2 protein chains.
Amino acid sequence: MVSRVEQSEETRGKIVAAAVAAFSTLGFHGASTREIAARAGINQGLITYHFRSKELLWRAAVEKIFASLRTALVPLPTSPASDPREQARESIRRYVRFAAAHPELFRLMVEEGKSGDRRMQWLVDTYLRPFYEGFKEQLAESLSEPEQSLEPHAFYALAGAVSLMFAVEPECRRLTGLNPKRKQVVEQHADYVARLFVP
Amino acid sequence: MVSRVEQSEETRGKIVAAAVAAFSTLGFHGASTREIAARAGINQGLITYHFRSKELLWRAAVEKIFASLRTALVPLPTSPASDPREQARESIRRYVRFAAAHPELFRLMVEEGKSGDRRMQWLVDTYLRPFYEGFKEQLAESLSEPEQSLEPHAFYALAGAVSLMFAVEPECRRLTGLNPKRKQVVEQHADYVARLFVP
DNA sequence: ACTTTCACTTGTCAACCGAATAAAATTCCC
DNA sequence: GGGAATTTTATTCGGTTGACAAGTGAAAGT
């Protein structure tokens with residue numbers, strides 16, 4: 001962190017991290033650049049300097065979220081011996097672990113998916129569709145069920161079942177007394193959802 | 001609609017209806033009283049007049065959403081001949097139909113559930129917990145599975161699987177080409193989720 | 001008929017926050 | 001030490017916020 005470029009990249013990183021949290025919980029309009037700067041512990045002017053505009057910062061935040069999603073779900077070295085259904089279950093478990101560690105993705109997708117504006121369209125076309133196509137392929141391989149037209153239903157049912165508990169973590173805590181961040185709770189949810197979709 | 005009270009109640013109704021839509025899509029802070037008044041086609045001053053404050057209007061909006069949920073899920077006259085598992089499936093189908101007709105509930109719950117503030121606590125204690133307790137009872141009756149500790153997982157998995165597709169309707173449209181509001185699509189989702197949770 | 005009540009309208013206020021920019025200060029690199 | 005990249009400080013101009021006070025008109029009560 002001595003060099004200037006490293007310092008600069010660290011600053012950008014702090015801003016994007018704060019932006020991810022702020023945009024996902026407060027929405028695009030609700031999250032002000034001042035708020036983001038405060039959370040990042042940096043100066044508000046730096047946001048314009050590094051990202052030119054709030055919208056471009058938002059895109060950088062979305063990029064970061066999907067980058068960590070790709071990292072988390074990168075295909076494992078397929079052990080040919082194991083049951084394809086068990087592989088599918090493990091994929092779902094990994095998705096649950098990601099949703100628990102990064103509730104921001106679901107929050108942001110719901111926040112943006114409610115409206116049909118330009119940002120949502122960009123988000124779908126740029127990041128969500130590739131992910132969805134990958135999901136369809138994996139579903140076809142692992143389960144090989146003939147209900148092809150059910151793909152949208154399976155996709156949204158899975159995403160919702162996997163993520164909701166972690167997206168509304170404070171609510172879940174108060175309602176059930178369960179802390180969704182505890183590793184044991186995450187694993188229980190992972191196993192529950194995995195067996196639900198791949199009995 | 002000649003009498004003064006009828007007129008007044010109609011106005012209150014229009015305001016609350018607009019508030020439900022606005023709060024669920026824009027959040028509490030994002031929805032301004034002016035915006036709500038515009039959507040309701042009434043004067044902004046009337047909001048203060050009828051509800052005293054924005055917060056009390058928000059509570060009225062929440063009350064209205066949960067009232068329609070209770071109406072939609074009121075227990076059917078139990079036909080003793082039918083399979084309890086099929087009854088459970090039908091309950092889930094009715095929940096799906098409600099989520100399709102009223103995506104506002106899920107949107108608002110996610111919007112508020114993300115934070116742990118006073119509004120969320122009031123919402124959980126006043127409306128969500130009674131609903132959750134009812135859900136647990138019905139689950140115990142219909143399925144009588146020994147996995148009691150899985151209730152929170154089942155609850156959130158079900159709620160997410162049921163509702164997400166309709167909560168992000170514009171996104172779903174663009175991503176999949178499917179219109180979640182079409183009756184056929186709703187029924188397909190209802191059947192998919194019902195069979196998923198009660199095979 | 002006449003007064004009171006009440007839903008409603010209009011106008012306003014005082015505060016606050018919005019993103020973006022410009023200029024000044026600091027730091028690193030050569 | 002000169003110059004460039006990064007960061008800070010200060011400001012601009014604008015718009016929006018929830019709430020309220022005073023005024024209007026029509027229905028309700030008597």
Side-chain angles (χ1 to χ4, degrees), chain A residues 1-62 108 111-112 115 117-119 122, chain B residues 1-62 108 111-112 115 117-119 122:
Chain A
M1 203 214 306
V2 255
S3 91
R4 221 163 17 173
V5 284
E6 287 174 34
Q7 174 67 20
S8 171
E9 276 176 16
E10 164 154 344
T11 299
R12 288 179 64 99
K14 283 197 288 187
I15 294 175
V16 172
V20 165
F23 283 134
S24 62
T25 57
L26 303 170
F28 181 79
H29 293 293
S32 67
T33 56
R34 283 181 164 80
E35 166 80 15
I36 294 170
R39 290 196 196 203
I42 54 92
N43 199 284
Q44 190 253 350
L46 277 177
I47 289 181
T48 309
Y49 176 76
H50 281 292
F51 297 93
R52 300 193 49 81
S53 77
K54 188 183 179 181
E55 172 116 11
L56 291 178
L57 170 59
W58 179 84
R59 294 197 182 191
V62 173
L108 189 131
E111 191 71 51
E112 297 294 331
S115 94
D117 62 11
R118 198 168 37 83
R119 280 196 319 279
W122 177 87
Chain B
M1 203 211 308
V2 255
S3 90
R4 223 168 11 177
V5 284
E6 287 174 35
Q7 173 68 21
S8 172
E9 276 176 17
E10 164 154 342
T11 300
R12 287 179 64 99
K14 284 197 288 189
I15 295 174
V16 172
V20 165
F23 284 133
S24 62
T25 57
L26 303 170
F28 180 80
H29 294 292
S32 68
T33 56
R34 284 178 166 79
E35 167 79 16
I36 294 171
R39 291 195 194 201
I42 54 93
N43 196 284
Q44 190 253 348
L46 276 178
I47 290 183
T48 307
Y49 176 74
H50 280 292
F51 298 93
R52 299 190 47 82
S53 77
K54 188 183 180 182
E55 172 117 11
L56 290 178
L57 170 59
W58 178 84
R59 294 197 183 190
V62 173
L108 189 131
E111 190 72 52
E112 297 294 331
S115 93
D117 62 12
R118 200 168 35 84
R119 282 197 317 280
W122 178 87

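Here is how names work: the chains are called A, B, and so on, in the same order as the sequence lines, proteins then strands, and each is numbered from 1. Worth saying up front: this structure is predicted, and the values here are computed from it rather than measured.
- Remark: B/Ala38 engages no residue in a side chain to side chain contact (heavy atoms under 4.5 Å, CB included) (not counting sequence neighbours).
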Listing time: all N or O pairs from protein to nucleotides 13-17 of chain D that are below 3.5 Å?
residue, atom, partner, partner atom, Å
D/dT17, OP1, B/Ser32, OG, 2.8

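- Within residues 16-27 of chain B, no residue places a heavy atom under 4.0 Å from DNA chain D.
- A straight line from CD1 of B/Ile42 to C1' of C/dC8 spans 10 Å, rounded to a whole angstrom.
- Counting distance only, with no hydrogens placed and no angle test, the side-chain atoms of B/Gln44 and the base atoms of D/dA19 include a donor-acceptor pair under 3.5 Å.
- The cationic group of B/Arg12 lies under 6.0 Å from the six-membered ring centre of B/Phe51 and within 45° of the ring axis, placing it in a cation-pi geometry.
- Comparing B/Tyr49 and A/Phe28 by the nucleotide of DNA chain C that holds the closest heavy atom to each, the one mapping nearer the 5' end is B/Tyr49.
- Using cut-offs of 30° and 60° on the angle between ring planes, the pair A/Trp58 and A/Phe23 is perpendicular.
- For the side chain to side chain contact (heavy atoms under 4.5 Å, CB included) test, residues two or more places apart in sequence or in another chain that qualify with B/Ser115 are B/Asp117.
- With C/dT9, C/dA20, C/dA7 as the candidates, the nucleotide lying closest to the side chain of A/Thr48 is C/dA20.
- Residues passing the side chain to side chain contact (heavy atoms under 4.5 Å, CB included) test with A/Gln44 are A/Thr33, A/Arg34, A/Ala37, sequence neighbours excluded.
- Every side chain to side chain contact (heavy atoms under 4.5 Å, CB included) that A/Arg39 has, sequence neighbours left out, goes to A/Ala18, A/Ala21, A/Ala22, A/Thr25, A/Leu26, A/Glu35.
- Judged as a side chain to side chain donor-acceptor pair (under 3.5 Å), and not counting sequence neighbours, A/Arg52 has no contacts.
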